[in-house]
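Reviewing the structure listed below.
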Amino acid sequence: MSFFTPLCRSFSTSCVRNVVIKHVTIIGGGQMGAGIAQVAASTGHTVTLVDTSEDILKKSIKGIEGSLKRVVKKKFADKPEAGEEFIQKVLKNVAISSDAKAAVQSTDLVLEAIVENLKIKQDLFGALDKVAPEHTVFASNTSSLPITDIASSTARLDRFGGLHFFNPVPMMKLVEVIGTSSTSQETFDSLLNFSKALGKTPVSCKDTPGFIVNRLLVPYMMEAIRLHERGHGSKEDIDIAMKLGAGYPMGPFELLDYVGLDTAKFIMDGWSAMDPGNPLFAQSELLNKLVAEGKYGKKTGEGFYKYK
């Protein structure tokens with residue numbers, strides 16, 4: 001039995017048939033949005049990549065082209081001409097636009113991959129809801145915000161879900177497909193099928209903080225910090241222990257520096273506000289101190305470790 005409640009109305013086509021997602025509009029030309037665009041275009045979908053300026057979008061396309069060249073080196077090592085043909089074919093599937101409202105007027109899926117700010121996401125979807133076709137499915141790539149809260153700004157609660165990809169998108173096989181209590185089964189199935197069409201492995205998630213991966217991963221990383229704060233292990237020993245003892249590719253402090261300490265703090269601040277009594281969401285003085293000092297990890301050259 002499905003845990004979703006279809007909101008079927010007589011005028012809603014979403015309850016009559018599944019939407020076959022062929023054209024995708026991706027809002028946000030950053031690393032995640034560009035990565036999703038690359039994968040979708042590589043699997044035969046037509047894509048419109050949207051951001052606020054042409055300069056950002058040109059950088060996004062350049063990044064996609066560079067990523068495709070790395071793919072071609074492995075996939076077409078002995079066939080350089082076929083590799084170049086593949087790159088051009090994929091790039092032809094990607095259009096760019098700085099006009100989000102125009103870009104969503106003939107699309108099957110609007111997928112948002114912008115800043116993790118609830119109000120900004122709500123304003124975006126609220127505006128696009130008024131101009132997108134009735135059959136169009138909306139989805140967010142958020143890693144920490146409730147899909148229900150993002151969807152509340154629209155009138156298509158039954159056609160709204162989550163698609164949480166992992167970085168780097170071309171390499172990572174997992175997609176978390178999130179349904180709210182209002183997401184119709186048809187919409188959820190369409191998102192599952194789209195994920196599979198991208199060559200990814202989808203898992204079904206309820207709309208709970210962090211879904212599956214981050215709900216387990218972030219408290220684990222936070223407990224590693226607390227273990228260190230209590231004087232029960234050095235950063236280095238904890239990282240080595242988890243790599244060699246648990247088989248993890250990175251230790252928790254290495255992973256925190258890779259993810260970004262500011263990102264980890266943002267997630268924990270949000271979860272702590274939602275559930276202040278939960279000890280798993282307790283604050284860390286050390287994490288707060290490093291973030292306040294602008295030491296976010298690899299992207300700033302220093303976090304728990306130094307990279308300069």
Side-chain angles (χ1 to χ4, degrees), residues 1-7 14 18-19 21 24 26-28 32-33 35-36 39-40 108-118 121-122 124-125 136-154 156-222 248 255 259 263-264 266-275 278 280-281:
M1 183 175 178
S2 170
F3 55 76
F4 305 117
T5 304
L7 294 182
S14 68
N18 290 358
V19 174
I21 297 170
V24 188
I26 299 168
I27 313 294
M32 289 301 295
I36 299 166
V39 172
D108 301 316
L109 172 68
V110 176
L111 177 56
E112 165 270 316
I114 61 173
V115 63
E116 285 284 85
N117 180 296
L118 179 60
K121 291 179 190 290
Q122 287 175 330
L124 171 70
F125 280 118
T136 302
V137 173
F138 281 10
S140 174
N141 182 58
T142 182
S143 61
S144 63
L145 298 172
I147 301 296
T148 300
D149 291 354
I150 300 171
S152 66
S153 63
T154 75
R156 62 182 74 211
L157 301 184
D158 58 328
R159 285 153 288 161
F160 206 118
L163 283 175
H164 180 215
F165 291 81
F166 292 80
N167 192 29
V169 180
M171 301 293 295
M172 299 294 279
K173 289 292 186 182
L174 182 68
V175 178
E176 291 180 318
V177 182
I178 304 101
T180 73
S181 60
S182 299
T183 306
S184 72
Q185 189 63 52
E186 289 79 7
T187 295
F188 192 76
D189 288 345
S190 292
L191 293 174
L192 277 175
N193 291 335
F194 172 66
S195 302
K196 291 174 185 176
L198 297 183
K200 302 299 184 185
T201 300
V203 292
S204 302
C205 305
K206 291 188 178 182
D207 191 18
T208 54
F211 316 129
I212 293 175
V213 173
N214 282 339
R215 181 62 180 80
L216 295 173
L217 186 62
V218 176
Y220 149 73
M221 293 190 293
M222 293 300 297
Y248 288 11
L255 184 56
V259 169
T263 301
F266 173 83
I267 293 171
M268 292 310 297
D269 286 350
W271 292 0
S272 181
M274 282 190 286
D275 190 2
N278 193 328
L280 291 175
F281 300 160

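Side-chain atoms are counted along with the backbone in the values below, which use heavy atoms only and exclude waters and symmetry mates. Note that this is a predicted model, so its numbers are computed, not measured.
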task = Return the set of residues passing side-chain contact (heavy atoms from CB on, under 4.5 Å) with Leu280 (not counting sequence neighbours), or none when no residue passes.
result =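 side-chain contact (heavy atoms from CB on, under 4.5 Å) list for Leu280, sorted by chain: Arg215, Pro219, Asn278.
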Working to the nearest 0.5 angstrom, can you tell me the gap between [X] [atom1] and [Y] [atom2]?
X      : Y      : atom1 : atom2 : result
Glu176 : Thr142 : CD    : OG1   : 11.0 Å
Ile267 : Glu116 : CD1   : CD    : 7.0 Å
Ser182 : Asp207 : OG    : CG    : 10.0 Å
Ser144 : Asn214 : OG    : CG    : 7.5 Å
Asn117 : Gln122 : CG    : CD    : 9.0 Å
Phe188 : Asn193 : CZ    : CG    : 10.5 Å

ask   = Angle class for the Tyr248/Tyr220 ring planes (parallel below 30°, perpendicular above 60°, tilted otherwise)?
value =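 Judged by the thresholds at 30° and 60°, the geometry between Tyr248 and Tyr220 is perpendicular.
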request  = Would you please classify the geometry between the Trp271 ring and the Phe281 ring as parallel, tilted or perpendicular, with 30° and 60° separating the classes?
outcome  =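 If you compare the ring of Phe281 with that of Trp271, the planes turn out tilted.
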ask   = Within a radius of less than 6.0 Å around CE of Met274, do more than 12 heavy atoms belonging to other residues, nucleotides or ligands occur?
value =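 For Met274, atom CE is crowded (more than 12 foreign heavy atoms under 6.0 Å).
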Give me the atom names and distance for the closest heavy-atom approach of [X] to [Y].
X      : Y      : value
Leu198 : Ala40  : CD2-CA, 3.5 Å
Leu111 : Ser140 : CD1-C, 4.1 Å
Ser195 : Val177 : OG-CG2, 3.7 Å
Ile178 : Leu163 : CD1-N, 4.3 Å
Ile21  : Ser190 : CD1-O, 3.8 Å
Ala139 : Leu191 : CB-CD2, 4.4 Å

message = Go through it in stages, so that I can follow the logic: the residues are Lys200 and Val39, the test is side chain to side chain contact (heavy atoms under 4.5 Å, CB included), and I'd like the CA-CA distance, side-chain angles, deciding distance and then a yes or no.
response = CA-CA 10 Å; Lys200 302 299 184 185; Val39 172; 4.0 Å; yes
query = Is the backbone N or O of Gly33 less than 3.5 Å from a side-chain atom of Asn141, with the two atoms forming a donor-acceptor pair by type?
reply =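 Not confirmed, Asn141 side chain does not pair with Gly33 backbone.
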task = Keeping the roles fixed (side chain from Thr187, backbone from Phe160), state whether a donor-acceptor pair exists under 3.5 Å.
result =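 Not at all, since once roles are kept as given, no pair shorter than 3.5 Å links the two residues.
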query = Do Met32 and Asn167 come close enough that some side-chain heavy atom pair is under 4.5 Å?
reply =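 SC-SC contact between Met32 and Asn167 confirmed.
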ask   = Considering only heavy atoms from C-beta outward, does the side chain of Ile150 approach that of Phe138 to under 4.5 Å?
value =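 Answer no - side chains too far apart.
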task = Start with the C-alpha gap between Phe194 and Asp108, add the side-chain angles, then the distance that decides, and say whether side chain to side chain contact (heavy atoms under 4.5 Å, CB included) holds.
result = CA-CA 11 Å; Phe194 172 66; Asp108 301 316; over 6 Å; no
ask   = Are Thr180 and Thr183 linked by a side-chain donor-acceptor pair shorter than 3.5 Å?
value =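 The answer is yes; a qualifying pair exists.
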message = What verdict does the side chain to side chain contact (heavy atoms under 4.5 Å, CB included) test give for Val203 and Phe211, after you've listed the backbone C-alpha separation in whole Å, the side-chain angles of each residue and the deciding distance to 0.1 Å?
response = CA-CA 10 Å; Val203 292; Phe211 316 129; over 6 Å; no
request  = Would you please test Arg159 and Thr136 for side chain to side chain contact (heavy atoms under 4.5 Å, CB included) and show each step?
outcome  = CA-CA 7 Å; Arg159 285 153 288 161; Thr136 302; over 6 Å; no
